[in-house]
Novice: 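Dumping the structure here so I can ask a few things about it.
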Amino acid sequence: QVQLVESGGGLVQAGGSLRLSCTASLRTFDRYVMGWFRQAPGKEREFVAAISRSGGRTYYADSVKGRFTVFRDNAKNTVSLQMNSLKPEDTAAYFCAAGRPIAAELRSHNVDYWGQGTQVTVSS
(Lines give C-alpha, C1' and ligand atoms only; values in the text may rest on other atoms or scores of the structure.)
Protein backbone atom coordinates (compact mmCIF):
# COMPACT_ATOMS: atom_id res chain seq x y z
CA GLN A 1 0.00 0.00 0.00
CA VAL A 2 1.43 3.34 -1.07
CA GLN A 3 1.73 5.96 1.63
CA LEU A 4 2.80 9.59 1.47
CA VAL A 5 3.44 10.99 4.92
CA GLU A 6 3.89 14.71 5.44
CA SER A 7 5.49 16.46 8.38
CA GLY A 8 6.62 19.94 9.33
CA GLY A 9 3.42 21.94 9.48
CA GLY A 10 2.61 24.29 12.33
CA LEU A 11 1.91 27.82 13.44
CA VAL A 12 4.21 30.65 12.35
CA GLN A 13 4.06 34.42 12.30
CA ALA A 14 3.83 36.33 9.05
CA GLY A 15 7.26 36.68 7.51
CA GLY A 16 8.47 33.46 9.04
CA SER A 17 9.53 30.18 7.48
CA LEU A 18 8.55 26.52 7.59
CA ARG A 19 9.80 23.43 5.83
CA LEU A 20 7.41 20.64 4.93
CA SER A 21 8.66 17.15 4.19
CA CYS A 22 7.01 14.14 2.62
CA THR A 23 8.26 10.56 2.65
CA ALA A 24 6.78 8.22 0.07
CA SER A 25 6.61 4.44 0.20
CA LEU A 26 6.89 4.21 -3.57
CA ARG A 27 9.21 1.52 -4.89
CA THR A 28 9.71 3.53 -8.05
CA PHE A 29 9.82 6.98 -6.47
CA ASP A 30 12.05 8.40 -9.20
CA ARG A 31 9.42 7.59 -11.83
CA TYR A 32 6.92 9.94 -10.21
CA VAL A 33 6.55 13.66 -10.51
CA MET A 34 6.08 15.01 -7.00
CA GLY A 35 4.19 18.07 -5.93
CA TRP A 36 2.49 20.06 -3.23
CA PHE A 37 -1.08 21.31 -3.13
CA ARG A 38 -2.98 23.24 -0.50
CA GLN A 39 -6.56 23.68 0.56
CA ALA A 40 -7.94 26.44 2.71
CA PRO A 41 -11.33 26.12 4.45
CA GLY A 42 -14.17 26.62 1.99
CA LYS A 43 -11.85 26.66 -1.01
CA GLU A 44 -10.83 24.16 -3.65
CA ARG A 45 -7.51 22.36 -3.47
CA GLU A 46 -4.94 24.32 -5.45
CA PHE A 47 -1.57 23.58 -7.01
CA VAL A 48 1.45 24.99 -5.18
CA ALA A 49 4.60 23.42 -6.63
CA ALA A 50 5.85 20.47 -8.67
CA ILE A 51 9.23 18.91 -9.31
CA SER A 52 10.29 16.67 -12.15
CA ARG A 53 11.42 13.09 -11.72
CA SER A 54 15.10 13.97 -11.70
CA GLY A 55 14.60 17.15 -9.70
CA GLY A 56 15.98 19.25 -12.50
CA ARG A 57 12.82 21.21 -13.17
CA THR A 58 10.46 22.93 -10.80
CA TYR A 59 7.17 24.73 -11.24
CA TYR A 60 5.29 27.05 -8.91
CA ALA A 61 1.97 28.78 -8.58
CA ASP A 62 2.31 32.51 -9.16
CA SER A 63 1.24 33.18 -5.58
CA VAL A 64 4.31 31.43 -4.14
CA LYS A 65 7.02 32.11 -6.73
CA GLY A 66 10.13 33.56 -5.16
CA ARG A 67 9.05 32.49 -1.67
CA PHE A 68 8.70 28.70 -1.85
CA THR A 69 11.23 26.12 -3.04
CA VAL A 70 10.50 22.47 -3.79
CA PHE A 71 13.25 19.85 -3.83
CA ARG A 72 13.55 16.09 -3.67
CA ASP A 73 15.98 13.37 -2.66
CA ASN A 74 15.39 10.25 -4.75
CA ALA A 75 17.77 8.21 -2.59
CA LYS A 76 15.56 8.85 0.44
CA ASN A 77 12.15 8.93 -1.29
CA THR A 78 11.49 12.40 0.04
CA VAL A 79 10.18 15.67 -1.31
CA SER A 80 10.27 18.91 0.64
CA LEU A 81 8.81 22.38 0.42
CA GLN A 82 10.76 25.26 1.91
CA MET A 83 8.39 28.13 2.59
CA ASN A 84 9.80 31.58 3.31
CA SER A 85 8.22 34.99 3.80
CA LEU A 86 4.97 33.34 4.78
CA LYS A 87 1.76 35.33 4.58
CA PRO A 88 -1.60 34.83 6.33
CA GLU A 89 -3.08 33.85 2.96
CA ASP A 90 -0.73 30.85 2.89
CA THR A 91 -2.75 29.34 5.73
CA ALA A 92 -4.09 25.97 4.54
CA ALA A 93 -3.73 22.24 4.78
CA TYR A 94 -0.80 21.23 2.58
CA PHE A 95 -0.81 17.93 0.72
CA CYS A 96 2.02 15.99 -0.82
CA ALA A 97 1.18 14.41 -4.18
CA ALA A 98 2.65 11.92 -6.62
CA GLY A 99 1.67 11.57 -10.26
CA ARG A 100 2.93 10.61 -13.69
CA PRO A 101 2.24 13.51 -16.03
CA ILE A 102 5.10 15.82 -16.94
CA ALA A 103 5.90 18.06 -14.02
CA ALA A 104 4.53 21.19 -15.69
CA GLU A 105 1.12 19.53 -15.94
CA LEU A 106 0.70 18.12 -12.43
CA ARG A 107 -2.77 19.05 -11.26
CA SER A 108 -5.34 17.57 -8.89
CA HIS A 109 -7.00 15.46 -11.56
CA ASN A 110 -3.83 13.60 -12.54
CA VAL A 111 -2.44 12.88 -9.09
CA ASP A 112 -2.12 9.15 -8.37
CA TYR A 113 -1.40 9.35 -4.65
CA TRP A 114 -2.08 11.90 -1.92
CA GLY A 115 -0.69 12.40 1.54
CA GLN A 116 -2.98 12.97 4.49
CA GLY A 117 -2.13 16.66 4.74
CA THR A 118 -0.38 18.86 7.26
CA GLN A 119 -1.75 22.14 8.58
CA VAL A 120 0.10 25.40 8.11
CA THR A 121 -1.23 28.45 9.94
CA VAL A 122 0.30 31.88 9.45
CA SER A 123 -0.70 34.55 11.95
CA SER A 124 -0.67 38.24 11.12
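All values below come from the heavy atoms of this structure, side chains included, with hydrogens, waters and symmetry mates left out. We number each residue from 1, following the sequence as shown.
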Novice: Find out whether Thr69 and Leu81 are in side-chain contact, i.e. whether some heavy atom of one side chain is under 4.5 Å from a heavy atom of the other.
Specialist: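 Answer no - side chains too far apart.
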
Novice: Say whether, by atom type as modelled, one donor and one acceptor occur between the side chain of Asp30 and the main chain of Ser54 under 3.5 angstrom.
Specialist: no

Novice: Do any N or O atoms from the side chain of Asp73 and from the backbone of Val79 form a donor-acceptor pair under 3.5 angstrom?
Specialist: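 No; zero donor-acceptor contacts below 3.5 Å.
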
Novice: Before you tell me yes or no, could you show the steps for Ile102 and Val33 under side-chain contact (heavy atoms from CB on, under 4.5 Å), namely the whole-Å CA-CA distance, both residues' side-chain angles and the distance that decides it to 0.1 Å?
Specialist: CA-CA 7 Å; Ile102 61 173; Val33 167; 5.9 Å; no

Novice: Please determine whether residues Leu4 and Val48 belong to a single hydrophobic cluster, defined as Ile, Leu, Val, Met, Phe, Trp and Tyr linked transitively by side-chain heavy-atom distances below 4.5 Å.
Specialist: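 Yes.
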
Novice: Do Ile51 and Phe95 share a hydrophobic cluster (ILVMFWY, side-chain heavy atoms under 4.5 Å, transitive)?
Specialist: no

Novice: Quick one: SG on Cys96 to CD on Gln116, what's the gap to the nearest 0.5 Å?
Specialist: 9.0 Å

Novice: For Phe37, give me all partners under ring-ring contact (aromatic ring centres under 6.0 Å, His included), at least two apart in sequence or on another chain.
Specialist: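 Residues passing ring-ring contact (aromatic ring centres under 6.0 Å, His included) with Phe37: Phe47, Trp114.
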
Novice: Is there a donor-acceptor contact under 3.5 Å from the side chain of Thr91 to the main chain of Val122?
Specialist: yes

Novice: Find the distance between OG (Ser80) and CG (Leu20) and round it off to the nearest 0.5 Å.
Specialist: 8.5 Å

Novice: Hey, mind stepping through Met34 and Phe29 against side-chain contact (heavy atoms from CB on, under 4.5 Å) and telling me if it holds?
Specialist: CA-CA 9 Å; Met34 299 300 296; Phe29 180 77; 3.8 Å; yes

Novice: Answer yes or no: is there a donor N or O on one side and an acceptor on the other, between the side chain of Arg67 and the main chain of Ser85, under 3.5 Å?
Specialist: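 Checked: pair present.
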
Novice: State whether the side chain of Asp112 and the backbone N or O of Tyr32 hold a donor-acceptor pair below 3.5 Å, judged by distance alone.
Specialist: no

Novice: Locate the shortest heavy-atom distance separating Ala103 from Ala50; write the atom from each residue and the value.
Specialist: O-CB, 3.5 Å

Novice: How far apart are the C-alpha atoms of Val12 and Thr121, what are their side-chain angles, what is the distance that settles it, and do they pass the side-chain contact (heavy atoms from CB on, under 4.5 Å) test?
Specialist: CA-CA 6 Å; Val12 64; Thr121 302; over 6 Å; no

Novice: Answer yes or no: is there a side-chain heavy-atom contact under 4.5 Å between Gln82 and Phe71?
Specialist: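 Touching, per the 4.5 Å side-chain cut-off.
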
Novice: I need the Met83 CE to Trp36 CH2 distance, nearest 0.5 Å.
Specialist: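 Result: 8.0 Å between the selected atoms.
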
Novice: To the nearest 0.5 Å, what is the distance between OG (Ser123) and CD (Gln13)?
Specialist: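 Those atoms lie 5.0 Å apart.
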
Novice: Scan side-chain atoms only and decide if Ser17 and Asn84 contain a donor-acceptor pair under the 3.5 Å cut-off.
Specialist: yes

Novice: Just by distance, do the side chain of Arg100 and the backbone of Val111 share a donor-acceptor pair under 3.5 Å?
Specialist: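 Side chain of Arg100 to backbone of Val111, a donor-acceptor pair under 3.5 Å: no, none is there.
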
Novice: Got a second to check how far Asn110's CG is from Glu105's CD, nearest 0.5 Å?
Specialist: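 Going from CG on Asn110 over to CD on Glu105, the span is 7.5 Å.
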
Novice: Do the side chain of Glu6 and the main chain of Gly117 share a donor and acceptor less than 3.5 angstrom apart?
Specialist: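 At least one qualifying donor-acceptor pair exists.
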
Novice: Any sub-3.5 Å donor-acceptor pair from Ser21's side-chain atoms to Ser7's backbone N or O?
Specialist: no

Novice: Please list every donor-acceptor pair under 3.5 Å in which a side-chain atom of residues 57-64 meets a protein atom from a residue at least two apart or in another chain.
Specialist:
unit_1, atom_1, unit_2, atom_2, d
Tyr60, OH, Val70, N, 2.9
Asp62, OD1, Lys65, NZ, 3.2
Ser63, OG, Arg38, NH2, 3.4

Novice: With the 4.5 Å side-chain cut-off for hydrophobic clustering, are Tyr113 and Leu106 part of the same group?
Specialist: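 Each belongs to a different hydrophobic cluster.
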
Novice: Mind checking the CZ-CZ spacing from Arg45 to Arg107? Nearest 0.5 Å is all I need.
Specialist: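 These two atoms lie 14.5 Å from each other.
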
